[in-house]
Amino acid sequence: MKASVLLLPLALSSVACGAVFPEIAPPVKAPPAGRALEPAPPSDLLYVVVARAEIPERTRDGRQWDSMGGAAPDPFAKILVNDKEILQTPVQSDTLKPTWRDQKRANYKISPEARIRVEVWDANTLNNHPICLKNLRNLPEQAGPNPVEIVCDSGAHVTLTVEPAHPRWGLGFSYELRTIGIGITRVMKYSPAKRAGLEPGEEILEIGGKRVAKMEEGEAQSLINANAQTGIELLVRRADKTNERKVTLMEGVIYPVSDEDVPLD
């Protein structure tokens, strides 16, 4: 009797804990060569990279940048939009000409009215020292093939790559294969899935006219991937179990935003 009493809370605990399902995302890849990119990227979504900098050998008051190790600084760069940091490069040690090749490459949402601040710092154990602090305006207007050149009060020069958002290609959503269905977990903001009206929390009931509940293991994922190029019809239901509707989804251009963590280049 005592054993039964002890086992009951464990059983109830197991039922109460929701199952965890792996998240699956259809492939995201480079756009096919020669394929028209429609729609065009939003004007306020920019691909931004701190391409390089050139730093004077000494500070404005004649001191070496680094009192320990090499005389050159250990620079890293930041970009802030409306006082919020959107980008920070790794530290590149002991150089006057950093290129930060290992920095994250992404598209960032930047409106024409946004306040932009470009900063370059010398990394030090106790306190980082500023090399360049520069305010910019209307960065979207400067997007294009020519680099954006910044001259700092310290004599340093910083070069930015600012281009219209770089594209990828795919469907642009993620889902879970649950015990009795498929749940949409994520929808990329600028993707075919979003343009088709899919939303996180919705359920996929049918794929190509076949009920998901009757599919064999792996069949749903196979159907989605195999028909992504030609188009596939989904029967989708809202999270509140109302408003079933059919959606035809086909691979197309995606403009990933930085927090969607899709590698570019």
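- Although no hydrogens or angles enter the test, the distance criterion places a donor-acceptor pair under 3.5 Å between the side chain of N107 and the main chain of P256.
- Placement of V148 and L80 in two distinct hydrophobic clusters is found when ILVMFWY residues are connected by side-chain heavy-atom separations under 4.5 Å, directly or transitively.
- Under the 4.5 Å side-chain criterion, counting only non-hydrogen atoms from C-beta, I55 is in contact with P73.
- To the nearest 0.5 Å, the span separating NZ on K246 from CD on E244 amounts to 10.5 Å.
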ask   = Does the side-chain contact (heavy atoms from CB on, under 4.5 Å) test come out yes or no for R115 and N135, once each step is laid out?
value = CA-CA 7 Å; R115 302 185 310 277; N135 295 321; over 6 Å; no
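- W169 and L264 fall into different hydrophobic clusters, where Ile, Leu, Val, Met, Phe, Trp and Tyr are joined by side-chain heavy atoms under 4.5 Å apart, directly or via other members.
- Closest approach of I86 and Y108 over heavy atoms only: O-CE2, 3.2 Å.
- Note on I24: it clusters hydrophobically with M215, by side-chain heavy-atom contacts below 4.5 Å among ILVMFWY residues.
- Separating the CD atom in E119 from the CG atom in L133 is a distance of 5.0 Å, to the nearest 0.5 Å.
- No more than 12 heavy atoms of other residues, nucleotides or ligands lie within 6.0 Å of NZ in K97, so this atom counts as exposed by the packing criterion.
- Atoms CG and CD1, on L139 and I79 in that order, are 7.5 Å from each other to the nearest 0.5 Å.
- In terms of heavy atoms, E199 sits closest to E202 at N-OE1, 3.0 Å.
- Judged as a salt bridge (charged side-chain N to carboxylate O under 4.0 Å, His left out), and not counting sequence neighbours, E54 has no contacts.
- When the side chains of ILVMFWY residues are joined at heavy-atom separations under 4.5 Å, either directly or via intervening members, V28 and V253 end up in two distinct hydrophobic clusters.
- Residues N138 and Q142 come closest through the heavy atom pair O-NE2, 3.6 Å.
- Annotation for A143 and L46: closest pair CB-CD2, 3.9 Å, computed over non-hydrogen atoms.
- Remark: the backbone N or O of E251 is not paired with any side-chain donor or acceptor of Q229 at under 3.5 angstrom.
- Judged purely by atom type and a 3.5 angstrom limit, N124 uses its side chain to pair as donor or acceptor with the backbone of D122.
- The line from CD1 of I254 to NZ of K194 is 14.0 Å long, rounded to the nearest 0.5 Å.
- Using a distance-only test at 3.5 Å, with no hydrogens or angles considered, no donor-acceptor pair links the side chain of R186 to the main chain of I184.
- Atom CG of L198 and atom CG of L171 lie 9.5 Å apart (nearest 0.5 Å).
- More than 12 heavy atoms of other residues, nucleotides or ligands shown are found within 6.0 angstrom of CG on N243.
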Which atom pairs, donor and acceptor, lie under 3.5 Å between side-chain atoms of residues 155-165 and protein residues at least two apart or in another chain?
unit_1, atom_1, unit_2, atom_2, d
H157, ND1, G155, O, 3.3
T159, OG1, E149, OE1, 2.7
E163, OE1, H166, NE2, 2.6

request  = Could you go through the salt bridge (Lys or Arg N to Asp or Glu O under 4.0 Å) check for R238 and E203 one step at a time?
outcome  = CA-CA 6 Å; R238 290 172 58 92; E203 298 175 271; over 6 Å; no
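- Within the structure, every pair that satisfies the disulfide bond (SG atoms under 2.5 Å apart) test and touches residues 123-155, not counting sequence neighbours, is listed here: C132-C152.
- Using a cutoff of 4.0 Å between basic side-chain nitrogens and carboxylate oxygens, E206 and R211 are scored as salt-bridged.
- With respect to the salt-bridge test (charged N to carboxylate O, under 4.0 angstrom), the residues R195 and E38 do not qualify.
- For the residue pair F76 and P90, the shortest heavy atom distance occurs at CB-O, 3.6 Å.
- The nearest pair of heavy atoms linking E57 to L96 is CG-CD1, 3.7 Å.
- A donor-acceptor pair under 3.5 Å links the side-chain atoms of W100 to the main chain of P75, judged by distance alone.
- A donor-acceptor contact shorter than 3.5 Å links the side chain of D74 to the backbone of D94.
- With a 6.0 Å radius and a threshold of 12 heavy atoms from other residues, nucleotides or ligands, R245 has its CZ atom above the threshold.
- Remark: side-chain polar atoms of Y190 are not paired, donor with acceptor, to backbone N or O of P39 under 3.5 angstrom.
- Using modelled atom types, no side-chain atom of K189 and backbone atom of E260 make a donor-acceptor pair closer than 3.5 Å.
- Under the 4.5 Å side-chain heavy-atom criterion for grouping Ile, Leu, Val, Met, Phe, Trp and Tyr, M188 is not connected to Y255 through any hydrophobic cluster.
- Although no hydrogens or angles enter the test, the distance criterion places no donor-acceptor pair under 3.5 Å between the side chain of E23 and the main chain of T185.
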task = Evaluate side-chain contact (heavy atoms from CB on, under 4.5 Å) for L177 paired with I182, printing each intermediate quantity in order.
result = CA-CA 5 Å; L177 296 174; I182 294 177; 3.7 Å; yes
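- The shortest distance between side-chain heavy atoms of L234 and I207 falls below 4.5 Å.
- Not one N or O on the side chain of D44 forms a donor-acceptor pair closer than 3.5 Å with the backbone of I110.
- Taking CG from L45 and OG from S258, the interatomic distance works out to 8.5 Å, rounded to the nearest 0.5 Å.
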